[in-house]
Each structure stands twice: as structure tokens, then as C-alpha cells.
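In what follows, a single structure is set out as C-alpha cells and then discussed.
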Amino acid sequence: KSKPPSKPEIMDALGKCYSQWIDLVQFFHDHVSPVSETWKNYGKASGWTLLFGHKDRTIFYLFPNKRYFTVLFVYGEKAFVAAKEADLPEETLQLIMHARSVQEERSFQIEVHGEKEMELIKKLIKIKLLH
């Protein structure tokens, strides 16, 4: 599409996961000021992505999919070290440790299919914000 998805289109695509999408957006707005939200289209393969930023930093990316959404993080060295020291599930630590590294930054993503992933996502956002 030539323009970002509308709220009804996101609601329709995400279905039950739309409440987690809204919860995550609200969480970010509750903990960060100022907040920037920018839709970008990186091409046909990935489609539209919603970037959440604070000042001059992108904190995370949201990719709406059919019945779920993906949260992508890019961690620099400080956030990577903090993540290793945080109380994260072993599976998540392995994901971060084996993430693709470009110019000392690691990008990794977590799919959100329901409420169970939300606590982890919020913890990862806090790590990124602090480092």
C-alpha cells in the first residue's frame, strides 16, 4: 500500500492481539516523554513498520502481521551487556547473543501472539531506554 495502515486495518489484521499492541503503545507513552511514532515502509517483503523513538533514538519497531505482531530491537553494546545481566529467560538471552551483529549493534525480534510475551517486551524496552 502507498500509505500506512489505518487503525481499523490494524485492528482487523491483529484480531485478538490488538489489545497487546495498544497496551505496548500505552506503556511506552506512560514511561517516555517525548515520544515519536513514525510509520516507514521498507519494501514489499516487510511492509509498513511503526518506529517508536525517544529524542533522537529509535527504541523499538512494531511490524503488524496477520493475528500477531513482531517487535524488533536493535541493541548496542551497553544494552547487550545489561541484557546479559538482567533476569531474562534463557531463550531470550540466546536470541540476543546470537543476533545478527552489524557495526557493534545486534538486532533481534520477538513475536507477540498474546499476553504472555508482554512482560518480556516491556523489560526489553526498559533495558534499551536505560542503555
Side-chain angles (χ1 to χ4, degrees):
K1 296 183 176 183
S2 62
K3 59 184 179 178
S6 65
K7 181 178 177 179
E9 289 172 322
I10 295 170
M11 290 173 70
D12 183 54
L14 296 179
K16 293 178 184 177
C17 278
Y18 183 70
S19 61
Q20 282 78 38
W21 176 283
I22 292 301
D23 178 40
L24 191 54
V25 170
Q26 188 62 51
F27 170 82
F28 194 65
H29 280 270
D30 288 347
H31 289 84
V32 176
S33 182
V35 169
S36 65
E37 294 182 26
T38 307
W39 281 102
K40 294 222 176 183
N41 189 328
Y42 292 105
K44 251 184 178 176
S46 59
W48 285 96
T49 304
L50 184 55
L51 288 70
F52 282 84
H54 174 59
K55 298 184 181 176
D56 63 342
R57 297 175 63 207
T58 300
I59 306 302
F60 64 97
Y61 305 75
L62 287 182
F63 295 86
N65 295 292
K66 196 71 172 158
R67 304 293 175 241
Y68 73 97
F69 62 94
T70 303
V71 184
L72 181 130
F73 292 95
V74 179
Y75 273 17
E77 189 60 30
K78 290 178 185 176
F80 174 64
V81 170
K84 290 195 299 186
E85 296 171 356
D87 184 27
L88 296 175
E90 183 61 30
E91 180 180 312
T92 304
L93 285 174
Q94 290 300 317
L95 179 67
I96 296 169
M97 291 178 68
H98 297 292
R100 195 177 113 222
S101 181
V102 177
Q103 297 179 347
E104 298 180 23
E105 294 185 324
R106 298 166 186 267
S107 64
F108 62 97
Q109 55 191 15
I110 310 259
E111 290 183 358
V112 176
H113 293 272
E115 190 60 37
K116 67 178 184 166
E117 297 90 4
M118 294 306 292
E119 183 180 330
L120 172 63
I121 297 295
K122 290 174 182 178
K123 192 178 272 191
L124 292 167
I125 289 171
K126 288 178 182 177
I127 290 170
K128 174 71 177 193
L129 283 168
L130 293 172
H131 302 90

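Fair warning: this is a prediction, and the values are worked out from it, not measured in the lab. Quick note: residue numbers are just sequence positions, from 1.
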Do F60 and F52 make the cut of ring centroids closer than 6.0 angstrom?
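Yes: the rings meet the under 6.0 Å criterion.
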Does one hydrophobic cluster hold both [X] and [Y], with members joined at side-chain heavy-atom distances below 4.5 Å?
| X | Y | result |
| --- | --- | --- |
| M97 | V81 | no |
| W39 | Y42 | no |
| F28 | L51 | no |

| From CA spacing to verdict: side chain to side chain contact (heavy atoms under 4.5 Å, CB included), L124, V71 | CA-CA 10 Å; L124 292 167; V71 184; over 6 Å; no
**Message:** One pair to check against side chain to side chain contact (heavy atoms under 4.5 Å, CB included): V32 and I59. What are the steps and the verdict?
**Reply:** CA-CA 10 Å; V32 176; I59 306 302; over 6 Å; no
Only counting residues at least two apart or in another chain, list the ones meeting side chain to side chain donor-acceptor pair (under 3.5 Å) with [X].
| X | value |
| --- | --- |
| N65 | T70 |
| D30 | Q26 |
| E105 | none |

By ring pair (Phe, Tyr, Trp, His ring centres under 6.0 Å), Y68 pairs with (sequence neighbours left out) H113
Audit row: F69, I10, side chain to side chain contact (heavy atoms under 4.5 Å, CB included) steps and yes/no
CA-CA 10 Å; F69 62 94; I10 295 170; over 6 Å; no
Drop me the distance from [X]'s [atom1] to [Y]'s [atom2], to the nearest 0.5 angstrom.
| X | Y | atom1 | atom2 | answer |
| --- | --- | --- | --- | --- |
| I110 | L95 | CD1 | CG | 5.0 Å |
| I121 | K116 | CD1 | NZ | 12.0 Å |
| E111 | R67 | CD | CZ | 15.0 Å |
| F73 | I127 | CZ | CD1 | 9.0 Å |
| L62 | T49 | CG | OG1 | 9.0 Å |
| R57 | L129 | CZ | CG | 6.5 Å |

Do you know the tightest heavy-atom contact between [X] and [Y]?
| X | Y | answer |
| --- | --- | --- |
| M118 | Q20 | CE-O, 3.4 Å |
| S107 | V74 | CB-CG2, 4.0 Å |
| K123 | L88 | CD-CD2, 3.4 Å |
| G114 | C17 | N-SG, 3.9 Å |
| L120 | P89 | CD1-CD, 3.9 Å |
| K128 | T58 | CE-O, 3.4 Å |

Using modelled atom types only, decide if a donor and an acceptor are shared between the side chain of H54 and the backbone of S36 within a distance under 3.5 Å.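 Judged by distance alone, no pair lies under 3.5 Å.
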Inset, instruction - Give the ring-plane orientation class for Y61 versus F63, where under 30° counts as parallel, over 60° as perpendicular and anything between as tilted. - result: parallel
In R100, R106, E104, the residue satisfying side chain to side chain contact (heavy atoms under 4.5 Å, CB included) with V102 is R100
K122 meets the salt bridge (Lys or Arg N to Asp or Glu O under 4.0 Å) criterion, sequence neighbours left out, with D23
Under the salt bridge (Lys or Arg N to Asp or Glu O under 4.0 Å) test, residues paired with E9 that sit two or more places apart |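 For E9 the salt bridge (Lys or Arg N to Asp or Glu O under 4.0 Å) partners, ignoring immediate neighbours, are K1.
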